[in-house]
Protein chains: 2
Amino acid sequence: MKEERDITTEQRILKAARKVFIEYGFNGARMQLIADEAGINKALLHYYFRSKEQLFDVVFTDLLARFQIAFFTILASDKPLIEKIRLMVEEDIELLMKHPEMPLFIISEVARNPEKTARRANAAKISSLFKEFSRQVKEGIAEGEIREVDPIDLLMNILSLNRFPFIGKPMIQSVIGLSDDRFQKLMKSRKRSVAELIIGDLKNRTTTGGK
Amino acid sequence: MKEERDITTEQRILKAARKVFIEYGFNGARMQLIADEAGINKALLHYYFRSKEQLFDVVFTDLLARFQIAFFTILASDKPLIEKIRLMVEEDIELLMKHPEMPLFIISEVARNPEKTARRANAAKISSLFKEFSRQVKEGIAEGEIREVDPIDLLMNILSLNRFPFIGKPMIQSVIGLSDDRFQKLMKSRKRSVAELIIGDLKNRTTTGGK
DNA sequence: GTCTATAATTTGATAGAC
DNA sequence: GTCTATCAAATTATAGAC
């Protein structure tokens, strides 16, 4: 009976827009479908968010923010580097299992419009995140905790192993014929195996070409 | 002076369509732009390929085919399994460096329309390719050439490490601020490092949790 | 085969009543 | 704030001359 319901329409629109944009992408999404999904009229969309572009911006910026948090808190903790890397794998995959469509959506939209999305993505913040990761990796190398490695390479390996399976999910499923259920189980088991792959590589291999 | 030029218009259209579809995706692509790119009139597009959808189908099916060849020939060769895996990494990355936008394009379009693209992709052929890969991996395990591993996991790791950097290229570049030139160099160095990561894992690790 | 209109449809956006 | 009706622009597709 309060004004909670005032917010509700806007929230309902955002929720619907999120769903439709994620499913169809900016170009494929239709304002009419978002309106239907929100149970309101198309004109009302423009009343709350002037244009399709603006509505998308709000949705996209919001979604991006949610996907940056995990790495920040992990890097800020005081665990050993190896432990942080394990968490970066396991918690990322955990999050992805809850939102399997997110990485493809984000990457597609960034590719469609790099300049604008870079601004929306708070590039400076992510960039500083990478710098901090880089610093900690170099520290770990200096202290002999891990082998010599290029931080960019390491981050790329982690992100690749974590995220590609979700990005390629539709393709993988249609090619190998994998049910959602089996896919889910596979991802769960990868939390451990990917972490071991990454960490094993950091521990065992030597740069001078040992065993 | 022969009829080579009869083919040429169709070929020019296909080339232009390839470029535009890859850059903008099906939903973002415009017939007008394809016509401009081909240096012809819009009506002529419909004369050669009834509809946008049909034109896309031809382009997409053709592109997909080109991206399946490498793994086939490698698996069919008589090299040791480890060597085949090294080639699957190195030759795939080599190919991707020449067509960096392909994996994101293919994956996006499959996600947009899984049923149809699955048919276009000759799913049966790819499926048999995976079965053959799976067979050879199990053989390698039985003969002690590599450690015990799930073939799906292994293939996912290879594809992830090979292809994610290209899929995420626009995002990575805008976030880390990586020039095309440095990106290219990074990928070149990854041909070796990724192969070593995969192979090192297959050789060194044991399933019973040894060092 | 290739072009110049032009039709037909879709779709984002606005006007104006309530 | 919310709706109905409608506009204006964009875009795929076709008709018909050459």
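Lettering follows sequence order; numbering is per chain, from 1.
Rounded to whole angstrom, the span from the CD atom of B/Gln54 across to the C1' atom of D/dT12 amounts to 13 Å. Between the P atom of D/dT11 and the NE2 atom of B/His46 lies a distance of 13 Å, rounded to the nearest Å. Put simply, CG on A/Leu44 is 5 Å from P on D/dT2, counting in whole angstrom units. Rounded to a whole Å, the CZ atom of B/Phe56 is 14 Å from the P atom of D/dA13. When rounded to the nearest whole Å, the span between OH of B/Tyr48 and P of D/dT14 equals 17 Å. Summarising the geometry, the separation between OH on B/Tyr47 and P on C/dC3 is reported as 12 Å, rounded to the nearest angstrom. Look at CG on A/Leu55: it is 16 Å from P on C/dT11, rounded to the nearest Å. Atom CD of A/Glu10 is separated from atom P of D/dT2 by 11 Å (rounded to the nearest Å).
The side-chain heavy atoms of A/Met102 and A/Leu96, taken from C-beta on, include no pair separated by under 4.5 Å.
Partners of B/Gln32 under the side-chain hydrogen bond (donor to acceptor under 3.5 Å, both in side chains) rule, at least two apart in sequence or in another chain, are B/Asp36. Every residue meeting the ring pair (Phe, Tyr, Trp, His ring centres under 6.0 Å) condition with A/Phe105, not counting sequence neighbours, appears here in chain and number order: A/Phe60. Residues satisfying the side-chain hydrogen bond (donor to acceptor under 3.5 Å, both in side chains) criterion with A/Gln173, sequence neighbours excluded, are A/Asp180. With sequence neighbours excluded, the residues that form a side-chain hydrogen bond (donor to acceptor under 3.5 Å, both in side chains) with A/Glu132 are A/Arg135, A/Gln136. Qualifying side-chain contact (heavy atoms from CB on, under 4.5 Å) partners for A/Leu95, counting only residues two or more places apart in sequence or in other chains: A/Phe67, A/His99. Partners of A/Ser174 according to the side-chain contact (heavy atoms from CB on, under 4.5 Å) rule, which considers only residues two or more places apart in sequence or in another chain, are B/Ala118. A search for side-chain hydrogen bond (donor to acceptor under 3.5 Å, both in side chains) contacts involving B/Asp92 returns B/Asn162, B/Arg163, not counting sequence neighbours.
Figure legend: B/Lys84 and B/Phe133 shown without cation-pi pairing, the cationic atom not lying both under 6.0 angstrom from the six-membered ring centre and within 45 degrees of its axis.
Contacts between residues 15-38 of chain B and DNA chain D, defined by a heavy-atom separation below 4.0 Å, involve B/Ala29, B/Arg30, B/Met31, listed by number.
The side chain to side chain donor-acceptor pair (under 3.5 Å) pairs that include a residue from residues 12-31 of chain A are A/Lys19-A/Glu37, where partners are two or more places apart or lie in different chains. Note on residues 157-194 of chain B: pairs passing ring-ring contact (aromatic ring centres under 6.0 Å, His included), not counting sequence neighbours, are B/Phe166-B/Phe183.
Taking every side-chain heavy atom of A/Lys52 into account, C/dG12 is the closest of C/dG12, D/dG1, C/dC3.
Applying the 4.0 Å criterion to OP1 and OP2 of D/dG1, one finds that A/Thr9 has every side-chain N and O outside that range.
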Legend entry - Secondary-structure string, 5' to 3', Watson-Crick or G-U under 3.5 Å, | for another-strand partners, for DNA chain C: ||||||||||||||||||

Can you give me the N/O atom pairs linking the protein to nucleotides 4-6 of chain D at distances under 3.5 Å, or say none if there are none?
from: D/dT4; atom 1: OP2; to: A/Asn41; atom 2: ND2; distance (Å): 3.0

